[in-house]
Amino acid sequence: MVPAWRDLRSGRRAAGGRRTAGDDLPGHRRRPWAAGHPAPAAQAGPEPMNQAFAAAAEEFDVPRDLLAAVGYGETHLDGHAGRPSQANGYGVMHLASNPTNRSLEKAAALTGESAAALRNDTEANILGGAAVLRSHADAVGLSRAERDDIDAWYPAVARYSGAEGAIAALYADTVYTFLAEGLHTTVPGGERISVTSRPVSPDKGALAAAQVTAPSPDYPSALWVPANSANYAAGRTATVDKVVVHVTQGSYAGTISWFQNATSKVSSHYVIRSADGEITQMVRDKDTAYHAKSANASSLGIEHEGFVDNPSWFTDSMYRSSAALTAYLCNRYGIPKDRSHVIGHSEAPGNDHTDPGVHWNWTYYMQLVTGTGGSGSDGLSFASYATQKSGSSGAQVKAVQKLLNDQGYQAGAVDGTFGTATKSAVQAFQTARRLTADGTVGPKTWTALLSAGTTPTLVKGGSGDAVKRLQRALTAALGSTVAVDGAFGSATDTAVRGYQSSRGLTADGSAGPDTWAALQSGR
């Protein structure tokens with residue numbers, strides 16, 4: 001029996017007159033090459049990827065920004081010249097062909113494109129990604145009206161991951177973070193792709209309770225998601241004397257899912273997210289992960305989200321988070337903090353891998369590991385946040401401009417001068433956050449700007465960049481200084497409780513979804 005989604009692009013009726021999944025797509029017609037004819041060459045233009053996203057979004061009634069955010073989360077919109085990821089995924093939309101994820105084959109069936117075109121041609125790949133995403137939307141029962149609501153797509157995005165439960169939710173949360181924060185990226189070839197930030201409140205359905213909350217048993221700042229027992233060995237046959245740095249060749253959630261897949265036969269002790277440095281432990285330190293062949297028994301492996309040929313994945317948040325973990329492991333197990341004992345996968349004896357590659361900044365990384373690099377100013381942390389408006393200038397205007405640009409608003413050059421472009425970007429941000437769009441950055445706008453991003457539940461004892469973001473936002477919201485040190489101690493706990501109490505929230509000291517929602521709306 002032909003599945004209903006097989007007729008998705010044609011809009012034709014199935015046998016017996018039953019409407020297929022694509023019947024309500026306005027003006028929907030099967031492309032001539034979908035019936036087996038060769039696809040015409042992609043039309044060269046000044047913005048081929050933007051055009052491909054727009055065309056695919058229209059073809060399958062998928063929100064364009066959602067489609068771009070999914071692709072960015074998978075590959076940073078880099079097709080890697082048709083080379084596969086660790087999970088055998090291809091192209092900017094990471095169409096996969098492995099035992100648990102057959103999105104490449106599904107895309108071929110839905111679009112009529114060949115597997116070769118889907119792997120190597122960006123236009124076809126994006127079209128295939130849109131088709132697969134739409135098929136998931138149909139599977140969860142999204143109506144035409146619901147497809148116009150970007151928040152309703154959450155379950156479909158989770159299914160696109162190829163994972164289940166908490167890992168699928170982790171994947172979808174990342175995509176919606178890109179929608180909330182906005183993104184501005186230059187893809188290979190120089191084209192600029194943008195997604196403007198907006199308030200999001202995804203309809204998570206049954207996945208609302210499927211969150212990763214278990215703490216790491218070995219590193220207090222990390223989460224715990226165990227790898228499949230087929231992918232590591234219990235115990236050690238050698239003394240741990242080194243840390244091995246890897247690059248995942250895939251996304252954070254995708255890597256976690258892959259290490260839970262019994263067929264992969266690979267794992268690592270820790271996985272680190274690019275955007276904010278979040279860490280998930282998957283194999284206990286006392287056990288032997290399968291990550292570096294002959295060095296497995298004597299090493300601890302740390303995977304870093306990204307691809308070796310694209311330096312955009314190696315963020316400062318990732319470097320700092322990873323270096324803190326490496327320093328902790330070195331201290332705990334007596335490993336010297338030098339390049340003979342903190343090595344890349346490519347340097348492990350008997351390995352044929354190239355990661356972390358030429359773009360990994362070993363000098364900076366080791367400075368952070370050894371504590372000799374200095375912290376410097378992040379340009380966003382101040383003891384207080386003054387009102388900024390047209391004509392203002394200085395370091396805090398630079399902070400406004402950087403925050404706006406990072407979230408997809410066009411504030412212009414980060415030059416510290418509050419001009420027309422900055423005011424327009426502020427007004428656009430205020431409109432999206434349902435604040436008074438007066439172009440002036442007062443306490444409410446500062447609070448919303450500084451808190452934008454992921455919304456992890458933070459409690460006393462936590463640490464990291466998300467805690468710093470919370471501390472900055474609380475400083476702006478409360479009008480009193482909260483030290484921005486990334487450590488959730490007693491002072492931060494008191495500030496959180498004070499904020500919660502003053503905003504009518506449950507004053508439990510836990511910065512959870514309600515507290516983040518209040519901060520991100522400028523309350």
Side-chain angles (χ1 to χ4, degrees), residues 86 216 218-222 232 236-250 252 255 259 266-274 276-376 463-465 486:
Q86 179 175 235
S216 159
D218 292 315
Y219 186 58
S221 297
Y232 67 92
R236 294 274 187 178
T237 59
T239 300
V240 173
D241 64 3
K242 64 182 71 68
V243 174
V244 180
V245 172
H246 300 266
V247 174
T248 61
Q249 294 299 100
Y252 177 65
T255 299
F259 290 170
V266 292
S267 64
S268 190
H269 293 89
Y270 299 90
V271 185
I272 302 183
R273 186 159 63 189
S274 168
D276 58 2
E278 180 179 272
I279 302 173
T280 293
Q281 182 178 14
M282 300 199 69
V283 177
R284 290 293 306 272
D285 292 355
K286 64 182 179 62
D287 293 328
T288 304
Y290 298 157
H291 66 104
K293 293 186 178 179
S294 63
N296 285 341
S298 60
S299 66
L300 293 156
I302 304 176
E303 289 276 4
H304 298 80
E305 180 185 27
F307 292 80
V308 295
D309 60 351
N310 189 333
S312 69
W313 293 91
F314 303 147
T315 63
D316 193 60
S317 295
M318 173 182 277
Y319 276 123
R320 290 179 178 276
S321 178
S322 176
L325 170 61
T326 293
Y328 175 89
L329 295 173
C330 289
N331 290 337
R332 185 175 186 182
Y333 299 106
I335 302 170
K337 297 176 184 175
D338 59 39
R339 285 285 285 113
S340 295
H341 297 86
V342 180
I343 65 173
H345 190 182
S346 61
E347 299 167 307
N351 282 273
D352 56 2
H353 288 252
T354 61
D355 55 317
V358 298
H359 298 298
W360 183 261
N361 190 335
W362 277 111
T363 300
Y364 179 53
Y365 186 68
M366 294 307 297
Q367 286 175 340
L368 293 172
V369 170
T370 59
T372 60
S375 59
S463 61
D465 284 348

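Note that these values count all heavy atoms, side chains included, but never hydrogens, waters or copies made by symmetry.
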### Message
I'd like to check I335 versus V240 (side-chain heavy atoms, cut-off strictly below 4.5 Å). Are they in contact?
### Response
yes
### Message
Using the rule given for side-chain contact (heavy atoms from CB on, under 4.5 Å), can you reason through N361 versus T363, listing the C-alpha separation, both sets of side-chain angles and the distance that settles it, and then say yes or no?
### Response
CA-CA 6 Å; N361 190 335; T363 300; 3.7 Å; yes
### Query
Can you say whether the rings of Y364 and Y319 are parallel (under 30°), tilted (30 to 60°) or perpendicular (over 60°)?
perpendicular
### Task
Would you give the length of the straight line joining atom CD of Q367 to atom CH2 of W362, rounded to the nearest 0.5 angstrom?
13.5 Å
### Message
Do F314 and H359 make a side-chain contact, defined as non-hydrogen atoms from C-beta onward lying under 4.5 Å apart?
### Response
yes
### Message
Tell me if a side-chain donor or acceptor on S322 pairs with a main-chain N or O of M318 at a distance below 3.5 Å.
### Response
no
### Any donor-acceptor pair under 3.5 Å from E303 side chain to E305 backbone
no
### Message
On a heavy-atom basis, which atom in G344 and which in P356 lie closest, and how many Å separate them?
### Response
CA-CD, 3.6 Å
### Task
Show your working on side-chain contact (heavy atoms from CB on, under 4.5 Å) between I343 and V245 and close with a plain yes or no.
CA-CA 6 Å; I343 65 173; V245 172; over 6 Å; no
### Message
Checking D355 against Q249: is there a side-chain donor and acceptor pair closer than 3.5 Å?
### Response
no
### Task
Take N331 and K337, measure what side-chain contact (heavy atoms from CB on, under 4.5 Å) needs, and give me the verdict at the end.
CA-CA 9 Å; N331 290 337; K337 297 176 184 175; 3.0 Å; yes
### Query
If every non-hydrogen atom of V266 is compared with every non-hydrogen atom of Q86, which pair is closest and at what distance?
CG2-OE1, 4.3 Å
### Query
Between the side chains of Y365 and T326, is a donor N or O closer than 3.5 angstrom to an acceptor N or O?
yes
## Note on the structure
One should read off an interatomic distance between R284 CZ and S216 OG, to the nearest 0.5 angstrom, of 7.5 Å
### Closest non-hydrogen atom pair, H345 against N351
NE2-OD1, 3.1 Å
### Query
Where is the tightest heavy-atom contact between S267 and V283, given as atom of each residue plus distance?
OG-CG2, 3.8 Å
### Query
Is the backbone N or O of H341 less than 3.5 Å from a side-chain atom of D338, with the two atoms forming a donor-acceptor pair by type?
yes
### Message
Give me the atom names and distance for the closest heavy-atom approach of A327 to V369.
### Response
CB-O, 3.6 Å
### Test log, rule side-chain contact (heavy atoms from CB on, under 4.5 Å), inputs K242 and Y333
CA-CA 9 Å; K242 64 182 71 68; Y333 299 106; over 6 Å; no
### Message
Restricting to non-hydrogen atoms, name the atom on D218 and the atom on Q281 that form the minimum distance, rounded to 0.1 Å.
### Response
OD2-NE2, 2.8 Å
### Task
Using a 4.5 Å cut-off on heavy atoms from C-beta on, say whether the side chain of V243 contacts that of I302.
yes
### Task
Please confirm whether the backbone N or O of V342 pairs with a side-chain atom of R339, one donor and one acceptor, at under 3.5 Å?
yes
### Query
Side-chain donor-acceptor pair under 3.5 Å between D465 and S317, yes or no?
yes
### Message
Donor-acceptor check, side chain of N310 to backbone of F307, threshold 3.5 angstrom: yes or no?
### Response
no
### Sidechain N-carboxylate O distance under 4.0 Å for D287, R236
no
### Query
Going by distance alone, is a donor N or O of one side chain under 3.5 Å from an acceptor N or O of the other, for T239 and D241?
no
### Message
Salt bridge check, D285 against R332: does any charged N sit closer than 4.0 Å to a carboxylate O?
### Response
yes
#### Entry: Atom pair CD1/CD1 of I279 and I272 - distance to nearest 0.5 Å
4.5 Å
#### Entry: A238 backbone acceptor or donor facing S298 side chain under 3.5 Å
no
### Donor-acceptor pair between E278 and Y252 side chains, under 3.5 angstrom
yes
### Side-chain (S294) to main-chain (P349) donor-acceptor, under 3.5 angstrom
yes
### Task
Taking the six-membered ring for Trp and the full ring for Phe, Tyr or His, determine whether the centres of H291 and H246 are under 6.0 Å apart.
yes
### Query
Strictly under 6.0 Å, is that where the ring centroids of W360 and H304 end up?
yes
### Message
Quick check against the 3.5 Å criterion: does T248 have a side-chain atom that pairs as donor or acceptor with the backbone of G306?
### Response
yes
